[in-house]
Amino acid sequence: MSDFANIFLALLFEATPFLLAGVVISVVAGPLVERVLATAALRNPAAAVAAGASAGLVLPMCDCGNRPLAHRLALAGRREFALAFLVAAPVINPIVIVTTWLAFRSAELVILRLLLTVLAAVAVAIVVSRLRRDIALPLDAASDAPGAEGHAPAGPSTWAPRILEEFFELFQFLVVGAALAAAIQVFADQEEFLSARGVFLSIAAMMFLAFLLSICSSVDAFVVAGLGGAIGLGPALGFLVFGPLVNLKSIPMYLRLFSGPAVVLLVVICAQVAFAGAAIAELRAW
């Protein structure tokens, strides 16, 4: 149990500052971002998707920190932007780009990781935003109605209570996800994933391992690089693309923010893009 406690606390200590930073940005800077998007030429869905997929370059957040802001933007009606930002920001940001390069010293792997993430973000934004309104909108979309609390004056005096309320509401789902990820790391045999035979099975195994381990996107490249030559380009790419987008730590938070059908579609699309891209990269490397 000591191993479980150590891993559980490590995951919490790793993710909590990013979650808190994301909530602070959502509450404090969220209205400004909404106004900027409202005045920008983003009425075209294609422009909104492109802007959302690249917004992480100026709003660098990990896979825990970007969700509060994405949720707020989706509630404000910026669904294409919000969904693309939700998927892309954990990888399309300067911190992850630099750490991936430092871990592998491979421009090819860095570029492929970025391209596949952008492709997944674009696909999720286009498909999910076209669903029926009651499916594609966040769960508490009713707060977006005129006169609701979300439209109450939001000055500095309201920041502290709103930050605390939103942080603790999301933190409980982070705790659940971290506990599940810690249990898997302690009780599951990770060697079984690393010893998977065959290109496709190896990629699928590494993607599933990334889902179970729930490692922050800022440091996951060093974990994969530490395996040395045990895995090829494709399995490494599958781990690095799928893990930050979908993992045990993120699923409970996704389900808190968005409807079940929307989350299922997000998971399926990200898995398909990561697997297909990794398989093509591995086969081409042969």
Side-chain angles (χ1 to χ4, degrees), residues 22 25-26 29-98 100-101 107-133 135-138 141 144 217-218 237 240-246 250 254 257-258 262-263 265-278 280-281:
I25 292 174
S26 174
L32 174 61
V33 175
E34 289 177 24
R35 288 195 294 271
V36 170
L37 294 178
T39 57
L42 295 181
R43 302 197 175 202
N44 185 320
V49 171
S54 58
L57 295 173
V58 293
L59 289 169
M61 299 182 189
C62 75
D63 52 328
C64 292
N66 74 326
R67 290 185 189 112
L69 182 57
H71 184 244
R72 181 187 182 96
L73 294 174
L75 284 173
R78 309 291 168 183
R79 285 190 292 174
E80 289 89 353
F81 182 98
L83 288 165
F85 175 71
L86 178 72
V87 175
V91 174
I92 310 300
N93 72 65
I95 298 172
V96 174
I97 293 172
V98 170
T100 304
W101 165 254
E108 179 186 24
L109 187 141
V110 174
I111 292 172
L112 287 174
R113 185 182 194 187
L114 299 180
L115 287 177
L116 289 177
T117 301
V118 169
L119 181 59
V122 170
V124 167
I126 291 175
V127 174
V128 177
S129 65
R130 293 295 178 266
L131 293 176
R132 294 197 323 266
R133 184 174 179 82
I135 292 178
L137 281 180
D144 196 40
S217 58
S218 301
L237 199 56
L240 295 174
V241 172
F242 188 66
L245 312 185
V246 180
S250 69
Y254 281 146
L257 299 180
F258 293 92
V263 174
L265 262 181
L266 184 151
V267 172
V268 170
I269 292 171
C270 290
Q272 290 177 334
V273 171
F275 183 83
I280 292 171

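Just so it is clear, the values below take in all heavy atoms, side chains as well, and ignore hydrogens, waters and symmetry mates. We count residues from 1, following the sequence as given.
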Q.
Testing the basics here: between Cys270 and Val246, what is the closest heavy-atom pair and its distance to 0.1 Å?
A. CB-CG2, 4.1 Å
Q) Looking at Ala107 and Trp101, what are the two nearest heavy atoms and their distance? A) N-CZ3, 3.5 Å
**Q.** Contacts of Gln272 that satisfy side chain to side chain donor-acceptor pair (under 3.5 Å) - sequence neighbours left out
**A.** none
Q: Identify the residue among Ile92, Val273, Leu266 that makes a side chain to side chain contact (heavy atoms under 4.5 Å, CB included) with Val87.
A: Leu266
Q: List in chain and number order the residues that pass side-chain contact (heavy atoms from CB on, under 4.5 Å) with Val98, two or more places apart in sequence or in another chain; answer none if no residue qualifies.
A: Leu102
**Q.** Exercise: identify the closest heavy-atom pair between Tyr254 and Val263
**A.** O-CG2, 3.6 Å
Q | Nearest-0.5 Å distance that lies between atom CZ in Arg130 and atom CG in Leu265 | A | 13.5 Å
Q) If you take all heavy atoms of Gly56 and Asn93, which pair is closest and at what distance? A) O-CB, 3.3 Å
Q) Just how far is it from atom CD1 of Ile280 to atom CZ of Phe275, taken to the nearest 0.5 Å? A) 10.5 Å
(Q) Show the nearest heavy-atom pair for residues Ala53 and Ala84, with the distance to one decimal. (A) N-CB, 3.6 Å
(Q) Could you report the tightest heavy-atom contact between Ala274 and Phe242, atom names first, then the distance? (A) CB-CB, 3.9 Å
For residues 109-128, please give each side-chain donor-acceptor pair under 3.5 Å, one per line with the distance, not counting sequence neighbours.
residue, atom, partner, partner atom, Å
Arg113, NE, Leu240, O, 3.0
Arg113, NH1, Thr100, OG1, 2.7
Arg113, NH2, Asp220, OD1, 3.2
Arg113, NH2, Asp220, OD2, 2.8
Arg113, NH2, Leu240, O, 3.0
Thr117, OG1, Arg113, O, 2.8

